[in-house]
Amino acid sequence: EQPFGQVNQTIARMLKLQQSVDSLEGGNRQMAQDVGWFRETQGPPPPAEEGQIVVVTADCKGIVIRGQGTPTVCGGQRPAGQRANQKRMATVGAVYTVGPYQRTVADVVAALFRDEDYKAPPRPQPCHKRVWASLPDDGPQPKSSIDKVFTWLWWEFPQRNPLLERPTVCICDGQETLWQACADSIWDDGRVEILDLLHVTPRLWQAAKLLYGDKGKEVLPFVRQRVTQILEGKVETVMRALHRLGKERELNAAKKKVLNRLCQYFNKNRARMHYDEYLRAGYPIASGVIEGACRHLIKDRMERAGMHWTLEGAQAMLDVRSVWICDQWNAFQVQRIDRETKRLYPQGVTGRPLLHKSLYLPELEIITLLVNPGVGDGRFKRKTAAFLRCLPWSIRPAAIVPRCHHARCTFQECPRIAPLTSLKAQKSLEIQDLWRADDRLRPSGSPCGCHSRPPFLKSPTSSFFLASTEITG
């Protein structure tokens, strides 16, 4: 797959115009400049649509950044262990609400091990999930990605739980800096910190393979038993069993070191592993939301084969994709178009609004890019004008003079429009009124009926999927 391949193909199919990757990247960065303003202006969701539990979660994911590696020395070679590009850690944060989901230990174990006779009951879905990811800031005042994301969470959390009437749950992995950031940013002394269960189970598998080998028959029963004990709140029992089995199996020094490190992980996080209490309260015990966000937001788009990014380009992509993942794309485009219209026309636009609000937002986005006088060269603008003249009246910008889109048919010569020019002189109708009055006369979408509407405009409700195509990956 090529960068920005889908949106480039869509524009080429509609306008017969090929755009360079650099031009598409510039458009993406320009769009990303409005994301911060949009995020700051979002109010809280309607209380009736919120769940009973407020969940705050975060995780980190690496992105390959161009030019961050070690420079070559002595004939283009790099020292051992050094790479041309190095990853920078992006932090992904999310806040949402969800209803309680009470389960037993047996239910969770059966779901984890995919028992054939187990059928999970329907679980409540996250409500109004808001996600944002950020890379570190290397400017005059450097700031880590964790600080930037939790500054946003510090602002977002009071909107979701202003009076602290609902329980607050923080779910993270064992990274201590994330837990410290939660303590500093989430102002709820009664918050419940939960260690992601899916970061516990891989360590139990690792311990089982250290004790019984990769293909030992005892591995699966051992893991199932220890997972059950962990979910019952018996963390200390599991740690004592691991120490005892390590001595009985007479592990070598290297394996003992790894086993001790696993036990230290459980010991450090045991205050966040009261899973029996969490299950009774109906709290979520796994960070599937944030893990899925890391995959959809970063991995699916920014870790394709051979991809490496600049800091500015990667942050722009993270900003725009975060809006898409939060299902706020339509609202973002409406506000962005209104803001850009006010900037370009500070005195206001007379007559009808520039664009019809009922139009699908992917179309609004591309039209906004096209009518922007600062975009493209003369050939691009000529093709843009031809494209806009093909649009039905319900979505035509008011500034475009109605004219048949046939290359040889001018406004005055059009057999269906020309008779209406005298009507305009008699009744002082506006140009758009002429077009509206001619709606009943044009059978195929063309004012003069000299040819049919282009294929991509067969239906006024066709979704062209232009600027948003690349955002979806």
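As a basis for the values below, the full set of heavy atoms in this structure was taken, side chains included, without hydrogen atoms, waters or symmetry mates.
- Note: Trp324 and Trp329 have perpendicular aromatic rings, judged against thresholds of 30 and 60 degrees for the angle between ring planes.
- The number of heavy atoms from other shown groups lying within 6.0 Å of CG (Asn252) is above 12.
- A side-chain donor-acceptor contact under 3.5 Å links Gln229 and Arg226.
- Taking each heavy atom of Trp179 and Glu193 in turn, the nearest pair found is CZ3-CB, 3.5 Å.
- Comment: Lys209 does not engage Asp214 in a salt bridge, judged by the lack of any side-chain N to carboxylate O separation of less than 4.0 angstrom.
- Residues Asp319 and Trp132 meet the side-chain proximity criterion, which asks for heavy atoms closer than 4.5 Å.
- Checking Asn161 against Thr168 by side-chain atom types alone, a donor-acceptor pair falls below 3.5 Å.
- Side-chain atoms of Thr341 and Asp338 form no donor-acceptor pair, as typed in the model, at a separation below 3.5 Å.
- Judged by distance alone, with hydrogens and angles left aside, the side-chain atoms of Thr57 form no donor-acceptor pair with the main-chain N or O of Ser287 at under 3.5 Å.
- Between Gly174 and Leu195, the closest heavy-atom pair is N-CD1, 3.7 Å.
- Looking at Val95 and Val55, their side chains never come closer than 4.5 Å, going by heavy atoms from C-beta outward.
- The SG atom of Cys60 sits 5.0 Å away from atom CE of Met89, with the distance rounded to the nearest 0.5 Å.
- Counting only N and O atoms by type, the side chains of His128 and Glu50 include no donor and acceptor under 3.5 Å apart.
- No side-chain N or O of Trp154 forms a donor-acceptor pair with one of Asp184 less than 3.5 Å apart.
- Remark: Lys342 NZ to Ile337 CD1 distance equals 13.0 Å, nearest 0.5 Å.
- Between Leu318 and Leu135, some side-chain heavy-atom pair lies under the 4.5 Å cut-off.
- With a 4.5 Å cut-off on side-chain heavy atoms, Val192 and Ile194 count as touching.
- No donor-acceptor distance shorter than 3.5 angstrom exists from the side chain of Ser23 to the backbone of Gln19, with no hydrogens or angles considered.
- Between Asp173 and Arg272 there is no salt bridge, since none of the side-chain N atoms of the basic residue sits less than 4.0 Å from a carboxylate O of the acidic one.
- The line from CG of Leu220 to OH of Tyr212 is 12.5 Å long, rounded to the nearest 0.5 Å.
- Partner Glu232 forms a side chain to side chain contact (heavy atoms under 4.5 Å, CB included) with one of Val235, Thr228, Ile230 and no other, that one being Thr228.
- In this structure, the side chains of Cys182 and Phe150 come closer than 4.5 Å at one or more pairs of heavy atoms.
- Using a distance-only test at 3.5 Å, with no hydrogens or angles considered, no donor-acceptor pair links the side chain of Asp107 to the main chain of Arg103.
- The backbone N or O of Tyr265 lies less than 3.5 Å from a partner atom in the side chain of Asn269, making a donor-acceptor pair.
- One finds the CG atom of Leu251 at 5.5 Å from the CG atom of Leu211 (value rounded to the nearest 0.5 Å).
- For the ring pair (Phe, Tyr, Trp, His ring centres under 6.0 Å) condition, the pairs that include at least one residue of residues 20-53, sequence neighbours left out, are Phe38-Phe332.
- Counting heavy atoms from C-beta outward, Ile65 and His308 have side chains that stay 4.5 Å or more apart.
- A donor-acceptor contact shorter than 3.5 Å links the side chain of Arg304 to the backbone of Asp300.
- The side-chain hydrogen bond (donor to acceptor under 3.5 Å, both in side chains) test with Thr91 singles out one residue from Ser134, Ser145, Ser144, and that residue is Ser145.
- Residues Val131 and Tyr96 form no side-chain contact, since every pair of their non-hydrogen atoms from C-beta on lies 4.5 Å or further apart.
- Minimum heavy-atom separation, Leu24 to Asn8: CD1-CB, 3.8 Å.
- The minimum heavy-atom distance linking Val223 with Ala208 is given by the pair CG2-CB, 3.7 Å.
- Atom CZ of Arg270 sits about 5.0 Å away from atom CE of Met239, to the nearest 0.5 Å.
- With respect to the salt-bridge test (charged N to carboxylate O, under 4.0 angstrom), the residues Arg224 and Asp115 qualify.
- In this structure the side chain of Pro284 never reaches within 4.5 angstrom of the side chain of Tyr278, judged on heavy atoms.
- For Ala286 against Asp196, the heavy-atom pair with the smallest separation is CA-OD1, 3.1 Å.
- The heavy-atom pair separating Pro202 from His199 by the smallest distance is CD-C, 3.7 Å.
- Around atom CD of Gln52, no more than 12 heavy atoms belonging to other residues, nucleotides or ligands sit under 6.0 Å away.
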